[in-house]
Amino acid sequence: MQFHDLEAQYQALKAEIDAGMAEVVRGGRFILGPQVALLEERLSKDVGRAYCVTCGNGTDALVLALMMWGIGPGDAVFAPDFTYFASAGCASTVGAELVPVDIDLATFNMSPDALESAIARVEAEGRFKPRVVIAVDLFGQPACYTRIEAIAKAHGMLVLEDAAQGYGGAVGSRNACSFGDAAITSFFPAKPLGCYGDGGAVFVDGARQDALLRSLRANGRGETDKYDNQRIGMNSRLDTLQAAVLLPKLDALRRYELKALNQAAQKYTQALAGYVQTPSVPAGYTSSWAQYSILLENRARRDGAQRYLKERGIPSMVYYPRGIHQQTAYAGKHFPDEWYPNTIEACARILALPMHPYLMDADISGVTEALKDY
Ligand SMILES: *Cc1c(COP(=O)(O)O)cnc(C)c1O
């Protein structure tokens, strides 16, 4: 059994992916070829945001968004404590002050209450100006944007949606990558919309922001004279080959993969209810199930379950074994454990089960029966 089955997906889409890649090789426009422009247009329509600018990976997408807003030294950037490092590290990359925020144990996403106390703390200290909230759609489920956007607005802050794991999610009829003042996603192979290497994108509302991002991703090049570099940016572009892979994958995600993912999640939840804490999706929310993560009673039970599954040939993963506040890179910061009780609990108790759109019913029952036996 595979944790993420990229081979099954390739077999399903082989004809289109192979033809698309061969066309790129024949066309010879490997950097910013026509497939990249077509993908950007499809992605912006798909999520319902005016502009999409692709780039080299999700980490760069986060940094580009912060550069676009001129975030840097003296600014405070708030990000959830329980996430992939890049969601938080991007703040430090641009020289801003990172403030990790505790999560909600029911959704694993940033807790709006914890965000309010973290902002109050920074304001009381007065050393840094609260500027940006990075909300992560962890494991495919959108964060609580109604409250997070209201809190940010009350403090004059911007919201950046990190939908690296969230492409395909929704709240009501609003799609992931349409929340906040800008959004990003990642096309790392194992994400809900993945390519065959690295890739990412930034989504914005305005033509000015779109032009700024296009300049920033090409070393700050001028809009008319490309050898007049007007600002400091980076080199971060999506390969044309990756765009050719993503075009049929985007179509498959919308046609049937999201439905298959949600059916698989429902089967897990039905079979496991009463045995472990299953993921809770609030009313009106749709997850794209980048991960299906359960909570066991405590660390010993979680580690035991992972071993028990492994002995039966079932892969599982711990996302994430430690909080951002516990990362060695931030060892010099004052981030006491008491501020992050829910992150600490999630790190000890969480376990992600095999999840992808090509899971068979027999795979799901194999996992759930093994867990129940345990
Ligand atoms: C994967 C991920 C990123 C970074 O994406 P890359 O393409 O790997 O650089 C950022 N944020 C979150 C939440 C992620 O899961």
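Just follow the structure's listing: the first ligand is 1, and inside any ligand the first atom is 1. The figures that follow rest on heavy atoms only: side chains count, while hydrogens, waters and symmetry mates do not.
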What are the polar N/O contacts of ligand 1 with the protein below 3.5 Å, with distances?
| unit_1 | atom_1 | unit_2 | atom_2 | d |
| --- | --- | --- | --- | --- |
| ligand 1 | 5 (O) | Ser186 | OG | 3.4 |
| ligand 1 | 7 (O) | Gly58 | N | 2.7 |
| ligand 1 | 7 (O) | Ser186 | OG | 2.7 |
| ligand 1 | 9 (O) | Gly58 | N | 3.3 |
| ligand 1 | 9 (O) | Thr59 | N | 2.8 |
| ligand 1 | 9 (O) | Thr59 | OG1 | 2.6 |
| ligand 1 | 11 (N) | Ser87 | OG | 3.4 |
| ligand 1 | 11 (N) | Asp162 | OD1 | 3.3 |
| ligand 1 | 11 (N) | Asp162 | OD2 | 2.8 |
| ligand 1 | 15 (O) | Gln165 | NE2 | 2.8 |
| ligand 1 | 15 (O) | Lys191 | NZ | 2.6 |

Is it the case that the side chain of Arg42 and the backbone of Asp46 share a donor-acceptor pair, with hydrogens and angles ignored and the cut-off at 3.5 Å? no

Got a sec, which pairs hit salt bridge (charged side-chain N to carboxylate O under 4.0 Å, His left out) with one end in [range], sequence neighbours left out?
{"range": "residues 232-251", "result": "Asp251-Arg255"}
{"range": "residues 219-231", "result": "Arg208-Glu223"}
{"range": "residues 73-96", "result": "Asp75-Arg131"}

Specify the closest pair of heavy atoms between Ala190 and His4, including all atoms of both residues, with the distance to one decimal.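 Nearest heavy atoms, Ala190 then His4: CB-CD2, 3.6 Å.
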
Quick check with a 6.0 Å cut-off and a 45 degree axis cone: is Arg301 positioned over the face of Tyr374's six-membered ring?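 So Arg301 does make the cation-pi contact.
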
